[in-house]
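Heads up: the structure comes next, in structure tokens.
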Protein chains: 2
Amino acid sequence: MSRVKCPKCQNVERILKAGIIRNKQRYFCKECVYHFIIKKVQKDNHILSDKPASQVSLQDIASVAGVSITTVSRALKNRPDISIQTREYIKELAKSLNYQPNILAQSLVNKSTHTLGVIIPSLETTVFSTMLGGIQEVASKAGYRVIICNSNENHETEIANIQGLMNHLIDGLLICHSIQTSSYEHIRIHLGKRIPIVQFYRVAIGLPISQILAEDEVGAEKVTAYLIKKGCRRIALLLGPKNLSITQKRFNGYKISLEKHGINLDIKLLAHVDFLQESVEKALEDWLKINPKIDGIISISDKSAAQIIRLLKKKSIKIPEEINVFGFGNEFTGQIVEPELSTFDTKTRIIGEEAARLIIEQIISGNQEVTSKLIPGEIILRGSA
Amino acid sequence: MSRVKCPKCQNVERILKAGIIRNKQRYFCKECVYHFIIKKVQKDNHILSDKPASQVSLQDIASVAGVSITTVSRALKNRPDISIQTREYIKELAKSLNYQPNILAQSLVNKSTHTLGVIIPSLETTVFSTMLGGIQEVASKAGYRVIICNSNENHETEIANIQGLMNHLIDGLLICHSIQTSSYEHIRIHLGKRIPIVQFYRVAIGLPISQILAEDEVGAEKVTAYLIKKGCRRIALLLGPKNLSITQKRFNGYKISLEKHGINLDIKLLAHVDFLQESVEKALEDWLKINPKIDGIISISDKSAAQIIRLLKKKSIKIPEEINVFGFGNEFTGQIVEPELSTFDTKTRIIGEEAARLIIEQIISGNQEVTSKLIPGEIILRGSA
DNA sequence: ACCGTTAACGTAAACGTTTACGTTAACGAT
DNA sequence: ATCGTTAACGTAAACGTTTACGTTAACGGT
């Protein structure tokens, strides 16, 4: 009935229809017992007809040079088993064709991407962008790219980001936890695998993971001691959410220092904020109502401290005469506010640098020994305390 | 002489040595004319003997389920041509084995990485980290990852970063040029290819590339006009390096406004700085020596403006009575300095958001039509002018 | 009995590399 | 002539996916 010809036995007579598959008629040849579908005619893609935009591959170079892909790879990678003439010829050819290796394919074979993943809670907070700067610099110098994921202080986002990065995109993970992160199951499941993890600044306490930390406890202790020495007895402490490691450590340092100097801890002097301007203002209002009056404030960040100073001045409260204000982090803002802010410099950039250094070392050595490093900070005295 | 047996014909007699290759003895069987090397005995890697750390692949699932890789892929991707029972079984199996797809392999096949590349001159400058925040947010919501490369205001680094990212790592490139970038050959060679490029904030003038811009010209014009209306006649203008687009545009706006109000342009009132504190201080010193005296300063950024205010106050120069100071960018610092800083809000975050939105649209639609978008800014009046 | 249809699978090519292993031809020594 | 050696290449598998295409068995209609 039809002019269909069997591609195997060339028979035209005993061909039967045999169903429709993917919108194409299928046939069955009774002669040679063979099912088949009529192929479309091939397009004429002889020469580089329609690939203006696509990158040239090893195959393209090999075709032009008249050698195999292996030989091209050998030439470009300076491997042995190739003659000098061939090597130079191929190298020049590759350059003239503007060959660029496909990093995806390389990574797939080499099982290494030369990329670090960084999970950061926010990009618009000075401490974090400063740490990122340190990470970037060290990573770049060591030949590593950086994928930055912003968790936006959100637990779910943090989990999703980590999962994505861990799916073979990175050689190592640097993580600074979000405010909301209180369980660490999503980290634990990746421990002991191929990809090393380093926590920095905000860390999970109690997990066997390498950490790079600021001197939160020591710093808070030193600052508290300094204020006590200056005569303060009612020192208010502005802290972040309770689950954060920096919150716990700074509180510890504060408490230790009070104990050493025989001052009783007053819970009313503690406040937990979420880094937003409103919550800082609220905490300050509450403190100012307390009796006996507060005579010192240790802030969670320089930004909040600067904000506190502005608010106190609006209320005509003298700094440092009535209230001493101390910041944490040594941000630029502290040099702008009046009086200039005394602060504990946590050496934020160095934390980033060290974190990158540590993870790169772990990647290269394959040694994932758990280490914990404290970056020494420094009290910087200016006008506010 | 030896007990070597030919793997083909099992002959033991007519075996000859045939060179050493990669430190292994090679043999030649005269019987069947065959070269061979004695293979090492295979290791017993029956069960998952030594893969505690390696991720499970489609192949692993397929082996356990007793089906082919294709079937597993179909199940996990909800493709047709699979029975519901099989699909559900495989899905559960995958979950219990904690299967995670290898994004590298997916990207290689799909020729798409769902990743945006961003080249930024610095991470520690507020405008940039704010724009990054905007980019990140829009990208995340659209399901795109972000690779951030810090050019560190360096031309060579910018070139290297772009080249790296373009080697199949990203689906689209967002770029904000470094100070040092004056030639744009490294951008031009990537135009018209598969990967769209969008410039933002600092752009190359004259290249056919889509751009998202701040209202630099209009903003400078408005600010200048405002100061003139307030009575200023000697308005100093702090600019960045001459090759930057924002420098040229802000200067244009300034000039236009002066002309409109019949004020002559005085070159001595212009200063080009490199964003470092020292150069700002130097520019200010020079200005203060000029006669007739300056009565207004338009700064390149809020940070520099805040710095200028502090310096002026140290010299007991009254703001805004003697000198009006205007910033650019609406950074947090402007609310801390006293008097609070009047500024032109360039809506930095929106610039980032729009840049991300535009490039994602170009990626999805495949339409690389060149568009240029100006993000409307807004004058914010506070105490300094 | 014969034919047409379809659900549900499998095979293999493709993406662009890297690399273990095979092969060839030329050369020198016996 | 026969054998050992080596430089310089090629072949093919592997990395983990996706997908075009082929195949099988079962079923229903005549």
Side-chain angles (χ1 to χ4, degrees), chain A residues 15-22 24-28 30 33-37 39-40 54-62 65-77 79-87 90 99-112 167-168, chain B residues 14-22 24-28 30 33-40 54-62 65-77 79-87 90 99-112 167-168:
Chain A
I15 305 291
L16 304 170
K17 285 194 179 174
I20 290 177
I21 199 160
R22 273 174 296 270
K24 288 174 210 153
Q25 182 61 58
R26 194 173 66 134
Y27 299 94
F28 177 66
K30 280 193 72 175
V33 194
Y34 181 62
H35 283 273
F36 62 92
I37 290 173
K39 308 260 180 151
K40 289 173 212 147
S54 93
Q55 293 275 2
V56 328
S57 66
L58 289 185
Q59 176 63 66
D60 297 326
I61 301 177
V67 297
S68 74
I69 294 181
T70 309
T71 302
V72 178
S73 178
R74 271 197 274 252
L76 299 180
K77 291 270 163 156
R79 291 285 145 78
D81 273 10
I82 188 171
S83 71
I84 299 177
Q85 300 93 306
T86 312
R87 190 213 310 280
I90 290 179
Y99 168 74
Q100 299 292 337
N102 185 320
I103 297 182
L104 290 176
Q106 287 181 326
S107 300
L108 187 60
V109 173
N110 295 334
K111 295 180 173 307
S112 151
N167 293 347
H168 302 90
Chain B
R14 302 177 59 193
I15 305 291
L16 305 169
K17 286 194 179 176
I20 290 178
I21 198 158
R22 272 174 298 271
K24 287 175 213 153
Q25 183 62 57
R26 193 172 68 132
Y27 299 93
F28 177 67
K30 279 192 74 174
V33 195
Y34 180 63
H35 284 273
F36 62 92
I37 291 173
I38 307 223
K39 308 260 180 148
K40 291 171 211 150
S54 93
Q55 294 276 5
V56 330
S57 66
L58 290 185
Q59 175 64 66
D60 297 326
I61 301 178
V67 298
S68 73
I69 293 180
T70 309
T71 302
V72 178
S73 178
R74 271 197 274 254
L76 299 180
K77 290 270 162 157
R79 291 286 143 82
D81 273 12
I82 188 172
S83 71
I84 300 176
Q85 301 93 307
T86 313
R87 192 213 309 280
I90 291 179
Y99 167 74
Q100 298 294 336
N102 185 321
I103 297 183
L104 291 175
Q106 287 181 325
S107 301
L108 187 60
V109 173
N110 294 334
K111 295 181 174 307
S112 151
N167 292 346
H168 301 89

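Here the structure is a predicted model, which means the values were calculated and not measured. Chain A is the first sequence line, chain B the second, and so forth, proteins listed ahead of strands; every chain is numbered from 1.
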### Message
I need the CG-P distance between Leu104(A) and dT18(D), as an integer number of Å.
### Response
14 Å

### Distance test, side-chain N/O of Ser73(B) to OP1/OP2 of dT17(D), below 4.0 Å
no

Scan nucleotides 11-15 of chain C against the protein and return all N/O pairs shorter than 3.5 Å with their distances rounded to 0.1 Å.
{"residue": "dT11(C)", "atom": "O4", "partner": "Thr70(B)", "partner atom": "OG1", "Å": "2.6"}
{"residue": "dA12(C)", "atom": "N6", "partner": "Thr70(B)", "partner atom": "OG1", "Å": "3.2"}
{"residue": "dC15(C)", "atom": "O3'", "partner": "Lys111(B)", "partner atom": "NZ", "Å": "3.2"}

### Message
Using a heavy-atom cut-off of 4.0 Å across all strands, would you classify Pro101(B) as base, sugar-phosphate, or nothing?
### Response
sugar-phosphate

### Integer-rounded Å distance: dG16(D) P and Asn110(B) CG
17 Å

### Task
Report the secondary structure of DNA chain C in dot-bracket form, marking unpaired bases with a dot and bases paired to a different strand with |, and treating Watson-Crick or G-U pairs with both distances under 3.5 Å as paired.
||||||||||||||||||||||||||||||

### Query
Looking only at heavy atoms, which two atoms of Leu104(B) and Ser107(A) are closest? And how far apart?
CD1-CB, 3.6 Å

### Query
What's the verdict on side-chain contact (heavy atoms from CB on, under 4.5 Å) for Arg74(A) and Asp81(A), showing C-alpha distance, side-chain angles and the deciding distance?
CA-CA 8 Å; Arg74(A) 271 197 274 252; Asp81(A) 273 10; 4.1 Å; yes

### Task
Identify the two heavy atoms, one from Pro101(B) and one from Asn167(A), that lie closest to each other, and give their separation to 0.1 Å.
O-CB, 3.3 Å

### Task
Scan Thr86(A) against the nucleic acid and name what it touches under 4.0 Å (heavy atoms): base, sugar-phosphate only, or nothing.
sugar-phosphate

### Query
What's the CD-P distance between Gln106(A) and dT19(C), to the nearest Å?
10 Å

#### Entry: Spacing between Ile84(A) atom CD1 and dC9(D) atom P, to the nearest angstrom
11 Å

### Query
Expressed in angstrom and rounded to an integer, what is the separation of Leu76(B) atom CG from dT18(D) atom P?
8 Å

### Query
Measuring from Asp60(B):CG to Ile69(B):CD1, what's the distance to the nearest 0.5 Å?
9.0 Å

### Message
The side chain of Ser57(A) is closest to which nucleotide in this list: dG10(C), dA8(C), dT17(C)?
### Response
dT17(C)

### Partners meeting side-chain hydrogen bond (donor to acceptor under 3.5 Å, both in side chains) with Thr70(B) (sequence neighbours left out)
none

### Query
Roughly how many Å is it from CG in Leu58(B) to C1' in dT18(D), rounded to a whole number?
9 Å

### Query
Looking at residues at least two apart in the chain, or sitting in another chain, which of them share a side-chain contact (heavy atoms from CB on, under 4.5 Å) with Asn110(B)?
Gln106(B)

### Message
Please report the distance, rounded to the nearest Å, between CD1 in Ile61(B) and C1' in dG16(D).
### Response
12 Å

#### Entry: First of Ser83(A) and Tyr99(B) reached from the 5' end of DNA chain D, by closest nucleotide
Ser83(A)

### Side chain proximity check, Tyr99(A) to Val72(A), heavy atoms < 4.5 angstrom
no

### Task
Nearest whole angstrom, please: distance from the P of dT18(D) to the CD1 of Ile103(B).
11 Å

## Note on the structure
For Thr86(A), the side-chain contact (heavy atoms from CB on, under 4.5 Å) test, sequence neighbours excluded, returns Thr71(A), Ile82(A), Ser83(A), Ile90(A)

### Message
Under 4.0 Å, counting only non-hydrogen atoms across every strand here, what does Gln85(A) touch: a base, just sugar-phosphate, or nothing?
### Response
nothing

